[in-house]
Amino acid sequence: MRVSRLMLVTLRDDPAEAEIPSHKLLLRAGYIRRVASGIYAYLPLMWRVLQKVSRVVRQEMDRAGALETLLPQLQPAELWQRSGRWAGYTAGEGIMFHLEDRQGRELGLGPTHEEVITALAGDLLRSYRQLPVNLYQIQSKFRDEIRPRFGLMRGREFIMKDAYSFHADEDSLRQTYAEMDQAYRRIFARCGLRAVAVEADSGAIGGSASQEFMVTAEAGEDLILASGDGRYAANQERAVSLAPEAVALLGGVRAGGQGEPLATPGQSSIEDLCSAHGFDPTQTVKVLLLLARFEDGHQQPLLVSLRGDQQLNEVKLANAVTARGSAEHGALLDISPLSAEAAAKEGLEPIPFGFMGPQLSDGALAAARSWSPRFLRLADPTATALEAFVCGANTMDSHLVGAAWGSLCPAPESVDLRAAQPGDRCQHDPSQQLEASRGIEVGHIFQLGRKYSEALDARFTNEAGVEEALWMGCYGIGVSRLAQAAVEQHHDGNGICWPVSIAPFEVIVVVANGADPEQSNLGEHLYSQLQQADVDVLLDDRGERAGVKFKDADLIGIPWRVVVGRGAATGLVELVERTSGDKRELPASELLAALLPSLESQRQGLL
RNA sequence: CGGGAUGUAGCGCAGCUUGGUAGCGCACUUCGUUCGGGACGAAGGGGCCGCAGGUUCGAAUCCUGUCAUCCCGACCA
């Protein structure tokens, strides 16, 4: 391809709308243009990158025995109603774009394809003899993100590879899951990305085991907690750890476990309370009031007890609440802090915020108009493990010292609800500490189990002649996100440094002075020679000054640059590697011999 | 949705406080000189000043409303 014909428009200034390096560079270098918030046009250079990423993905999926397919993006609501996800994905903070057709039928624009594929599998897969099967597709997905961000990182329309596997039993699922794990590692390595696998929450997709693949980068939106020994890594949403030991409360249990009242005027935070009375935060129990909303309209007040020094992990809480409420009330729509205003609106007596204790009785909800009249009470094990603690007295400006579970109130159900923190000791080896780093989630694999197959009645006949639900796995890669993540990981002050395997072009031939026939002839010659050698080559034949062409070549990030300049008269050209900046001059006749071996190995990425 | 900010030429910005009909740099067009790291000179083209109301003789500027975009939180490949 000739640069003069490439519709290349590069910008000298960073567009104001971009924040992180990869987003700025993709805009500046003419790879993408924003069409609306979270919606981007992939310009020709970008499309080449995406095609290359897709090719790697295809090769590795095919190699793992998966079948490429293409499913509709426009999907009937009925399918999503059967899986129970329609309300959760469209109401509340739902992320599915949805619409009505002219007959008034409801449709959704696919944010993911479990429903469609499972319905198809139920139709087509009748016997264990057909299993296992793994189907994948690469196409645009639509999600009405609450806040699109960072260019392609979090768009409302983006390209994703999604795969779904079907199995006769759990062992087969585990095997494919492990194969996908390996395929994913190869895909990211081949794309030249340093990626780490971490334990993950299964989120809205559901299912049991799940693992995310994170491209490590400062701009990453996810916090990864990993042990120094490399044996444990998890998304903070999911991470577990050992909390610091609690400091024993001086005086222990008092008043038979009822606790002695202590005047604590205005001391509504753990910090104020502890500094005023010399308590350690680990000696306290703090109580959070929240309200969970369910699909069927059920509103469930939550009373969550945590040890004073700990933070709530909202993902863990949502999972716990779902496990306890969804069977009866449908999908959990959201959980929000229960505010004094909301309580007043509901007609409740004033709640002593800042001075609440776990013994707050359901009587506080007695006047509730639309809420459930009983709290769902949960506590983190670090709280329930305390022998004697300080907590709110449920009256303003007063706490109880030396309270104990059992006497004060029954210990609530104990569930892991605390957020693991950097510096925490690891569960697998207390001598190890969790370290934090940031990552961009580019892939996620799930063992779904039978959640969707049961909901959509996708059954097969097993070896014993009995019908049962299919076992399922699903496996996603954000193709467009991956491409931008690669820029985030590979750039410098001059622009992008694409890994060869996903670069839009591998080599750019820059004719320094196009007006010099010797230079332009040699440039043309090398260009066609490289084309014949199956190299993805770009010829900068523009009438620009050399400096402009060099700047553009660096900015758009072509891995190799061949400069045809003054040396052309004596048959010499310069070969420059983008990433290292290494230059060497060599006879044009030796260019291919010098370049092709490096190129060949670099096409393998980090394999 | 809550909190913060910004909308002026394709991109980056000034002008707004103190109303008088729009400017700078880059990019674009033409000519000349230059020609290996975003050249220089000259001459040009391009703007419902986000949109709608209002105040005023007169609004980019003041007021009201609205829309859009970006940043911080809830969502995820």
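Just so it is clear: chains get the letters A, B, ... in the order the sequence lines come, proteins before strands, and each one is counted from 1. Note: hydrogens, waters and symmetry copies are ignored here, and every other heavy atom, side chains too, is used.
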Side-chain-base donor-acceptor pair under 3.5 Å for A:Asp13 and B:rC13 | no
Spacing of the C1' atoms in B:rG44 and B:rC62 (rounded, Å) | 37 Å
Residue matched to B:rG45 through Watson-Crick or wobble contacts both under 3.5 angstrom = none
Letter by letter from the 5' end, nucleotides 30-42 of chain B scores (B base, S sugar-phosphate only, - none; protein heavy atoms under 4.0 Å) ----BSBBBB---
With the threshold set at 4.0 Å, does a side-chain nitrogen-carboxylate oxygen contact exist between A:Asp554 and A:Arg561?
-> yes
For B:rA74 versus B:rG37, give the span between their P atoms, rounded off to a whole number of Å.
-> 49 Å
Paired to B:rU6 by Watson-Crick or G-U wobble criteria (both distances under 3.5 Å) is B:rA68
Here the pair of heavy atoms bringing A:Leu291 nearest to A:Pro301 is CD1-N, 3.7 Å
Starting at CD1 of A:Ile146 and ending at P of B:rG2, how long is that distance when rounded to a whole Å?
-> 14 Å
B:rC70 versus B:rU61 - spacing of their C1' atoms, nearest Å | 24 Å
Starting at NZ of A:Lys316 and ending at P of B:rA74, how long is that distance when rounded to a whole Å?
-> 16 Å
Whole-Å C1' distance, B:rG4 and B:rG20 | 35 Å
Mind running salt bridge (Lys or Arg N to Asp or Glu O under 4.0 Å) on A:Asp541 and A:Arg5 for me, showing each step along the way?
-> CA-CA 9 Å; A:Asp541 58 340; A:Arg5 306 284 85 214; over 6 Å; no
Using the C1' atom on both, measure B:rU34 against B:rA42 and round to a whole Å.
-> 15 Å
Rounded to the nearest Å, what distance is computed from the CD atom of residue A:Glu237 to the C1' atom of nucleotide B:rA77?
-> 13 Å
B:rC1 - base-pair partner by Watson-Crick or wobble geometry, distances under 3.5 Å | B:rG73
Contact class for A:Gly514 vs. all strands (heavy atom < 4.0 Å): base, sugar-phosphate, or nothing?
-> nothing
Heavy-atom closest pair (A:Leu25 atom, A:Ile496 atom, distance to 0.1 Å) is CB-CG1, 3.8 Å
Where along residues 34-46 of chain A does a heavy atom fall under 4.0 Å from RNA chain B?
-> A:Arg34, A:Ser37
Let me know the distance between CD of A:Glu221 and C1' of B:rC71, rounded to the nearest Å.
-> 13 Å
Touch class at under 4.0 angstrom, heavy-atom based, for A:Asp222 against every strand present = base
Base, sugar-phosphate alone, or nothing: which one does A:Glu145 contact when heavy atoms must sit under 4.0 Å apart?
-> base
What interatomic distance, in whole Å, is found between C1' of B:rU21 and the corresponding atom of B:rU8?
-> 14 Å
If you take all heavy atoms of A:Gln236 and A:Leu225, which pair is closest and at what distance?
-> CG-CD1, 3.8 Å
Mind checking the C1' distance from B:rG23 to B:rC49? Whole angstroms is fine.
-> 12 Å
May I have the distance from A:Arg33 (atom CZ) to B:rG10 (atom P), rounded to whole angstrom?
-> 11 Å
Check whether the ring centres of A:Phe446 and A:His444 lie less than 6.0 Å apart, and answer yes or no.
-> yes
Is there a donor and acceptor pair, one atom on the side chain of A:Arg143 and one on the base of B:rC76, closer than 3.5 Å?
-> no
Expressed in whole Å, how much space separates the C1' atoms belonging to B:rC51 and B:rG45?
-> 27 Å
Rounded to whole angstrom units, what separation is found between the CZ atom of A:Arg147 and the P atom of B:rG4?
-> 15 Å
Can you check whether A:Gln484's main-chain N or O pairs, donor with acceptor, with A:Tyr31's side chain at less than 3.5 Å?
-> no
Measure from CD on A:Gln484 to C1' on B:rA77 and round the result to the nearest Å.
-> 13 Å
With sequence neighbours left out, the residues meeting ring-ring contact (aromatic ring centres under 6.0 Å, His included) with A:His491 are none
Verify, without hydrogens or angle tests, whether A:Lys549 (side chain) and A:Val511 (backbone) share a donor-acceptor contact under 3.5 angstrom.
-> yes
Residue matched to B:rC24 through Watson-Crick or wobble contacts both under 3.5 angstrom = B:rG12
Where the side chain of A:Glu441 is concerned, which of B:rA74, B:rC76, B:rG10 is the nearest nucleotide?
-> B:rC76
Is A:Arg48 close enough and on-axis enough to A:Phe505, meaning under 6.0 Å and within 45°, for cation-pi?
-> yes
Expressed in angstrom and rounded to an integer, what is the separation of A:Glu212 atom CD from B:rC75 atom P?
-> 13 Å
List the atom of A:Glu157, the atom of A:Tyr42, and the distance in Å for their closest heavy-atom pair.
-> O-OH, 4.0 Å
Among the candidates B:rC76, B:rC71, B:rC13, find the nucleotide nearest to the side-chain atoms of A:Phe150.
-> B:rC71
Does the base of B:rC71 carry an N or O that pairs as donor and acceptor with the side chain of A:Arg149 under 3.5 Å?
-> no
Does B:rC40 have a Watson-Crick or wobble partner in any strand here, with both distances under 3.5 angstrom, and which is it?
-> B:rG32
Between A:Glu17 and A:Arg481, just flag the one whose closest nucleotide in RNA chain B comes earlier from the 5' side.
-> A:Glu17
Parallel, tilted or perpendicular for A:His329 and A:His298, by the 30°/60° rule?
-> parallel
